[in-house]
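This report refers to the structure that appears directly beneath it.
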Number of protein chains: 2
Amino acid sequence: MELRKDIHTNGIPVLCVSCEVRHRGVCGALDPDQLIALAKASHKHTIKEGEELIGDAEQIDVYSNVLAGVVKLTKTLSDGRQQIVGLQFAPDFLGRPFRKESSINAEAATEVSLCSFPKATMDRMMQEQPGLENRLLQQALIELDDARDWMVTLGRKTAAEKVASFLLLIARNIDPEREANGRSIAFDLPLTRADIADFLGLTIETVSRQLTRLRADNVIRIENNRHVTVENIDRLRGRAGN
Amino acid sequence: MELRKDIHTNGIPVLCVSCEVRHRGVCGALDPDQLIALAKASHKHTIKEGEELIGDAEQIDVYSNVLAGVVKLTKTLSDGRQQIVGLQFAPDFLGRPFRKESSINAEAATEVSLCSFPKATMDRMMQEQPGLENRLLQQALIELDDARDWMVTLGRKTAAEKVASFLLLIARNIDPEREANGRSIAFDLPLTRADIADFLGLTIETVSRQLTRLRADNVIRIENNRHVTVENIDRLRGRAGN
DNA sequence: CGAAGTGTTGAGTCCGGTCAACTCTAGTGG
DNA sequence: CCACTAGAGTTGACCGGACTCAACACTTCG
């Protein structure tokens, strides 16, 4: 009786039962037994803004799920020039299967909440549960699509279009359900001006000027430097190029 | 006796037995039976330079392996600005699992030789052979790494560094085994100046000027516009940023 | 031969970078 | 409490690298 209850109503680990990303994240591909095994080796923790998660050329021994906050993935040239090559939001998976060490740097852009587990455990489960590999493939392909979209922004858009594209990207990820309607959207920028510049391949001065221009043209409002209200999404879309 | 021979010496389809990419490509994950089934539905064919393989927003009903030549993946903004977001060489896999339609355009940059097979057949095999999904995941992750590397080039490098990076990329892919030593390397550029510009986020004039400069500085030689000899790889590396 | 396509070169312009001054806020410590 | 500092962001003046526009060279093809 206890056994049955454990299995079919919920044999779901305490750690996971209240987890908001459980169904959408990679864990969604696991059956209850596997979830229990993984949860046993997992731990949730919080990282402060600016702290490094994975260093370039560092050994990777844990994978993580992003539960809340924003992680920035960066690459740096030898002379210090930096480029953000991706942003991870909940419920994204963080880690690089099939590789001992990372070629990128992962850093908390905001305060970040993570659920981490040993690489070895996950790698073992990948072999016995093809659904897991399937999820990872899906996420990798989405990240690839995103990266390629952003390559167009980096290579072919003007500074004004880049900043507009960035605001749209954030609006989309902060508030995924709301879409399309002309209503205004408000959010806090998860990145500093320096980060935005590194994401867009610009300088902080140029980012600042473009934001000022959008504000002057009544496309957005800005309070306290970080809080942005998009007055008219369609006007913003019109300035994003595409 | 015949059965045994079919299975373990070579039950390998005629189409595949001489295939140069069989082991390195996704087909390498298939067992003989599956290879036979896939080969039955496959056909090799050749595409002329400039021909389109997959259109943006078009239905994808075939996957392909690149056997020879170079395929360029492009994205275009509504006003015509274009960006090449990836180059595929042999034995890369061409196609986008889990999606009905493509968000990018694939076009033959040179004459391209392909081995194509129906999406449905491949998708079915993916479910019964996890190794196949594993291969696709590996390729997707490599493409993701490449895309992110290129984002740094697009966002943070100067025109001179971009052109040097491009030449190094081509040299690496044309002649994958040769590496590192200071010897000279010669190859034909698989792209026109216009393509190079679209890959680097520059104009054709800027690309031309930077190539002229590299030639004037004796880093490379150019014959017939397309044939490039890198006199000194290390000098070229020194100009690529990184 | 002319035409079309590809690539090079020059002259001038402009967008975004550089450098510098300034504002604003938050935090620290006497 | 205020003075001081440090960090983030804005704004202005100037500059330069890449773009634009244009002319020209070379090859291929009809």
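The sequence lines fix the lettering, A, B, ..., with proteins before strands; numbering per chain opens at 1.
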Next item on the list: Using atom CD of B:Glu161 as one end and atom P of D:dA18 as the other, report the distance to the nearest whole Å.
Entry: 9 Å
Note to self: If I compare all heavy atoms of A:Phe98 with all of A:Lys119, which pair ends up nearest, and what's the gap?
What the structure shows: N-NZ, 4.2 Å
Margin query: Can you measure B:His227 atom NE2 to C:dT6 atom C1' for me and round it to whole angstrom units?
Written below: 19 Å
Margin query: Measure CG/B:Asn224 against C1'/C:dG5 and give the value in whole Å, please.
Written below: 16 Å
Check: In whole angstroms, how far is the P atom of D:dG17 from the CZ atom of B:Arg213?
Finding: 9 Å
Margin query: Return the CD to CG distance between B:Gln139 and B:Leu94, rounded to the nearest 0.5 Å.
Written below: 9.0 Å
Item checked: Test item: A:Gln83 side-chain N/O and A:Thr74 main-chain N/O as donor-acceptor pair under 3.5 Å -> no
Next item on the list: For B:Leu202 and C:dG7, give me the distance from atom CG to atom P, rounded to whole Å.
Entry: 15 Å
Atom pairs under 3.5 Å: protein N/O with N/O of nucleotides 8-14 of chain C:
from: C:dT8; atom 1: OP1; to: B:Arg193; atom 2: NH2; distance (Å): 3.1
from: C:dT8; atom 1: OP2; to: B:Arg193; atom 2: NE; distance (Å): 2.8
from: C:dT8; atom 1: OP2; to: B:Ser208; atom 2: OG; distance (Å): 2.7
from: C:dT8; atom 1: O5'; to: B:Ser208; atom 2: OG; distance (Å): 3.0
from: C:dT9; atom 1: OP2; to: B:Thr212; atom 2: OG1; distance (Å): 2.7
from: C:dG10; atom 1: N7; to: B:Arg209; atom 2: NH1; distance (Å): 2.8
from: C:dG10; atom 1: O6; to: B:Arg209; atom 2: NH2; distance (Å): 3.3

Next item on the list: Give the ring-plane orientation class for B:Trp150 versus B:Phe199, where under 30° counts as parallel, over 60° as perpendicular and anything between as tilted.
Entry: parallel
Check: Does a donor on one side chain sit under 3.5 Å from an acceptor on the other, for B:Glu58 and B:Ser102?
Finding: no
Margin query: Check this for me: does any side-chain nitrogen of one of B:Glu111 and B:Lys48 sit under 4.0 Å from a carboxylate oxygen of the other?
Written below: no
Next item on the list: Would you mind telling me which residue lines up with the more 5' stretch of DNA chain D, A:Arg156 or A:Ala194, judged by nearest nucleotide?
Entry: A:Ala194
Note to self: Considering every strand and a 4.0 Å limit on heavy-atom distances, what is the contact class for B:Gly50: base, sugar-phosphate, or nothing?
What the structure shows: nothing
Next item on the list: Verify the contact: side-chain N or O of A:Thr192 to OP1 or OP2 of D:dA8, cut-off strictly under 4.0 Å; return yes or no.
Entry: no
Notebook entry, point to check: Would you call B:Arg148 and B:Glu143 a salt bridge, taking side-chain N to carboxylate O under 4.0 Å as the test?
Noted result: no
Notebook entry, point to check: If each of B:Arg226 and A:Lys157 is mapped to the nucleotide of DNA chain C with the nearest heavy atom, which maps nearer the 5' terminus, i.e. the 5' end?
Noted result: B:Arg226
Item checked: Atom pair distance, as rounded to whole Å: NZ in B:Lys162 and C1' in D:dG17 -> 11 Å
Check: How close or far is atom P of C:dT25 from atom CD of A:Glu223, stated in whole angstroms?
Finding: 13 Å
Item checked: Spacing of A:Arg81 atom CZ relative to C:dT18 atom C1', expressed in whole Å -> 15 Å
